[in-house]
Number of protein chains: 2
Amino acid sequence: MSQFFYICSMDVKEILEQGNNSFLPNLSIDMVIIGYKGNVLKCLLLKIGKNWLLPGGYIRLDQSVDEAAQNILKQRTGLENSHLKFLSVFGEKNRQFKKVMKEFFEKTGMEWTEDYWFNNRFVSLAYYSLVNIDKTHPSVSHFDEAFAWFDFDELPEMWMDHKSIVNTARQRLKEDIRNEQMTYNLLPKEFTMPELYQLHQVILEKKIERSRFQKKMLSTGLFERLPELQKTTPGRNPYQYRVKIDL
Amino acid sequence: MSQFFYICSMDVKEILEQGNNSFLPNLSIDMVIIGYKGNVLKCLLLKIGKNWLLPGGYIRLDQSVDEAAQNILKQRTGLENSHLKFLSVFGEKNRQFKKVMKEFFEKTGMEWTEDYWFNNRFVSLAYYSLVNIDKTHPSVSHFDEAFAWFDFDELPEMWMDHKSIVNTARQRLKEDIRNEQMTYNLLPKEFTMPELYQLHQVILEKKIERSRFQKKMLSTGLFERLPELQKTTPGRNPYQYRVKIDL
DNA sequence: TCAAAAGTGTTCCTGTTACACCCATGT
DNA sequence: ACATGGGTGTAACAGGAACACTTTTGA
């Protein structure tokens, strides 16, 4: 199990205090936050009760949906103006967090009542974000639960339809990397071609021809070569590249 | 102006009666319904007050979002299980129908009050649907307003952000026809290659090479050739094709 | 038989696939 | 010098663009 644990926060108190009148009462945001470490794609999950779920939140009346999403991402990771893309709508009729919330409240000793507004049925807007794991730092607040980066291939039991949301993001990432070669925050600013090559293979879940890959990447004109890197590995030293700054 | 007018219904009465407790109070569906006639793409719009808007509706608590969308499409066009695809979310913070509704209520002599639930801020889920104009038949109900098929290039003034929703659909249709060659309901069951060719040109808004087009279409294996059509046009008679029935 | 419209073929070009080869470096 | 891994080159192939050509039909 290649997870590393932190302490994380559910901003339940804030949500309770602001309550019904501050948020759209039937819309939630779920966020698939994706990182890359040790040649594996990872996904940030929170633990509530016995199962896990995606980080998420609600939309304030004075926020646009996109603002709310950026805000949630910042709350969860500390990142501002990071990569963030709308994924899909999940609108099945029985989508409600009642069971999850009850378990969470009982576990943390908080009072739970049937008519809390977040027991409503929620339609969820799913987003996904690519982040540099090392640059994220979680905020800790009143009610702390575990959170962890899970390998995509080792997802735990998750609440509701959250596993299918993650899988939707997984597929979407595949499509997106074919169109825009951007790796956003998945690699450090400077990286070698073999590293980029590895990442693409991991995302696409298949072998790519090394020579073809190099030519394709260079022909996009998106990358610029830096002076060579000194490595102590057996073979030849790879060049370093970085994304041209225009984007 | 190549519009043809009908009489149409806003199911306002139903919405009023069922009211607050039957619908998700902050989510609406807007639908870009697209047809094709006389070599022009057309879009179905309703008139309320002085401006036009997209057909749409709300989501009942006992419906999934997709069910609600199918239901709305059926109400507006009479079509069941037709082509219907999710488009995008429109979630700006000041999206509300207050102004539109007030104008509509005053015009039709209905009582209007500030606190009607549909004066709320709404986040809108946009869908688009390709239909055969000749197979649509509008339902008429308590409150009738004009509705019309507008050419994409001659859109009228529209309420709120509805014009940008239409344009999003216009772009999406372009992308989609590149990937799946399906024309769904835009052409009759049997059609000639020149007709299909015309349609693609209109959707993509550019000239295509006739020869390349024909080979590409036939190479997909999606179409099967029927006995020739008798036409009284000057030149050679074109073959008829139809989509193979598997899809 | 000629013009109009439908449909086919040929050439060029670009991007993909698969494979072989060369280069730099540490042991 | 040689194994290891980084990087380049070439031939075969498929799909797209541009253009010329043949076929069928009504006047």
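To find a chain, count down the sequence lines: A is the first, B the second, and so on, and within it residues start at 1.
Spacing between atom OH of Tyr197(A) and atom P of dG5(D) amounts to 13 Å, rounded to whole angstrom units. In this structure, CD of Gln240(B) is placed 13 Å from P of dA6(C), rounded to the nearest angstrom. Glu195(B) has its CD atom 15 Å from the P atom of dA5(C), to the nearest Å. Atom CD of Glu209(B) is separated from atom C1' of dT10(C) by 13 Å (rounded to the nearest Å). Rounded to an integer number of Å, the gap from Gln201(B) CD to dA17(D) P is 13 Å. When the C1' atom of dG16(D) is taken as reference, atom CG of Leu204(B) falls 14 Å away, rounded to whole Å. At whole-Å resolution of the value, CZ in Phe213(A) and P in dT16(C) are 12 Å apart. With rounding to whole Å, Arg178(A) atom CZ is found 11 Å from dT16(C) atom P.
Between Lys206(A) and Asn237(A), the residue anchored closer to the 5' end of DNA chain C is Lys206(A), taking for each the nucleotide with the nearest heavy atom. When each of Tyr239(A) and Lys216(B) is assigned the nucleotide of DNA chain D with its nearest heavy atom, Tyr239(A) is the one assigned upstream, toward the 5' end.
Between the side chain of Arg236(B) and the base of dA6(C) there is at least one donor-acceptor pair of N/O atoms closer than 3.5 Å.
Few gaps surround CZ on Arg210(B); more than 12 heavy atoms of other groups in view lie less than 6.0 Å from it. Applying the 6.0 Å contact sphere to NZ of Lys135(A) captures no more than 12 heavy atoms from other residues, nucleotides or ligands.
The Leu218(B) side chain lies nearest to dT8(C) when the options are dA6(C), dT8(C), dG7(D). Which of dG7(C), dT25(C), dG7(D) sits closest to the side chain of Glu228(A) comes down to dT25(C). Side chain of Arg225(B), nearest nucleotide from dC19(C), dG7(C), dT25(C): dG7(C). The side chain of Lys215(A) approaches dG9(D) more closely than any other nucleotide in the set dG9(D), dG6(D), dA6(C). Relative to the side chain of Ser211(A), the nucleotides dG9(C), dT8(D), dG7(C) differ in distance, and dT8(D) lies closest.
Distances shown here put a side-chain N or O of Gln214(A) below 4.0 Å from the OP1 or OP2 atom of dT8(D). Side-chain N/O atoms of Arg212(B) include one lying less than 4.0 angstrom from OP1 or OP2 on dA17(D).
Separation of atoms NE2 (His162(A)) and CG (Asn167(A)) is listed at 13.0 Å; rounding is to 0.5 Å.
Aromatic ring pairs are classed by plane angle as parallel below 30°, tilted from 30° to 60° and perpendicular above 60°; the pair Phe122(B) and Tyr58(B) is tilted.
Checked against the 6.0 Å centroid threshold, Phe147(A) and Trp52(A) do not count as a close aromatic pair.
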